[in-house]
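All figures in this text were calculated on a predicted structure; none of them were measured in a lab. Each residue takes its place number in the sequence, starting with 1.
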Amino acid sequence: MIMSAKGNYLPKGKDIAFCMGTSQVAPHALNGDVHRVLAFVCFRREQREQGSKHLKRAISIYKQHELLSKLDEVSQHYSQYLADQNRKDEALEECMKYRQFLVETLGKRGIVL
């Protein structure tokens with residue numbers, strides 16, 4: 001561990017993998033937010049492939065925790081990314097997967113669309 005300027009310990013190595021949700025343990029819901037922010041940083045730096053991976057990871061975490069409003073936002077960004085890359089069929093498929101997940105999740109909660 002490394003100490004930050006505020007005296008907090010920052011993780012490194014395997015600890016970072018755990019914090020980023022890449023270990024065997026289920027990632028915390030807030031890691032989705034971390035991946036979402038990292039995706040936008042990567043896109044800003046023209047690192048599209050890496051940004052795409054972070055968006056997909058955020059989508060996975062939000063689905064796991066059924067955070068529908070965050071999933072909606074990130075899924076839209078990911079679909080837009082695919083459309084911008086002229087991968088329109090994949091973008092449409094991603095939208096359809098999100099819609100199916102939304103209907104199933106809301107159905108479990110007793111809400112029918």
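Note on ring orientation: taking the six-membered ring where Trp is involved, the planes of His77 and Phe40 are perpendicular (angle over 60°, cut-offs 30° and 60°).
For Ser52, the side-chain contact (heavy atoms from CB on, under 4.5 Å) partners are Lys56, Tyr78, Tyr81, not counting sequence neighbours. Among residues two or more places apart in sequence or in another chain, the side chain to side chain donor-acceptor pair (under 3.5 Å) test is passed with Glu93 by none. In this structure Asp72 satisfies the salt bridge (charged side-chain N to carboxylate O under 4.0 Å, His left out) test with no other residue, sequence neighbours excluded. With sequence neighbours excluded, no residue satisfies side chain to side chain donor-acceptor pair (under 3.5 Å) with Gln50.
A salt bridge is defined here as a Lys NZ or Arg NE, NH1 or NH2 lying under 4.0 Å from an Asp or Glu carboxylate O, and Lys88 with Glu90 fails to meet this definition. Between Glu73 and Lys70 no salt bridge is recorded (no basic side-chain N to carboxylate O distance below 4.0 Å).
Nearest approach of Leu68 to Tyr98, heavy atoms of both residues: O-OH, 3.8 Å. In terms of heavy-atom proximity, Gly32 sits nearest to Ala58 at O-CB, 3.5 Å. The two residues Ala29 and Ile61 make their nearest non-hydrogen contact at O-CG2, 3.9 Å. Contact between Ser79 and Cys95 at its shortest, heavy atoms only, is OG-SG, 3.4 Å.
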Sequence neighbours excluded and cut-off under 3.5 Å, please list the side-chain donor-acceptor pairs for residues 101-113, or say none.
residue : atom : partner : partner atom : Å
Glu104  : OE2  : Gln100  : NE2          : 2.8
Thr105  : OG1  : Phe101  : O            : 2.8
Lys108  : NZ   : Glu66   : OE2          : 3.3
Arg109  : NH2  : Glu66   : O            : 3.2

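Side chains of Lys97 and Arg99 form no contact here, defined as non-hydrogen atoms less than 4.5 Å apart.
Put simply, CG on Leu71 and CD on Gln76 are 10.0 Å apart, with the number rounded to the nearest 0.5 Å. Considering NE2 of His65 and CG of Asn31, their distance stands at 8.0 Å, rounded to 0.5 Å. Annotation: the span from His54 atom NE2 to Glu49 atom CD amounts to 11.0 Å, rounded to 0.5 Å. In this structure, the separation between NZ on Lys53 and CG on Leu38 is 13.5 Å, given to the nearest 0.5 Å.
Within 6.0 Å of atom CZ in Arg87, more than 12 heavy atoms from other residues, nucleotides or ligands are found, so the atom counts as buried in its surroundings.
For the pair His28 (side chain) and Leu30 (backbone), a donor-acceptor distance under 3.5 Å is present.
Applying the salt bridge (charged side-chain N to carboxylate O under 4.0 Å, His left out) definition to pairs two or more places apart or across chains, none involves residues 74-85.
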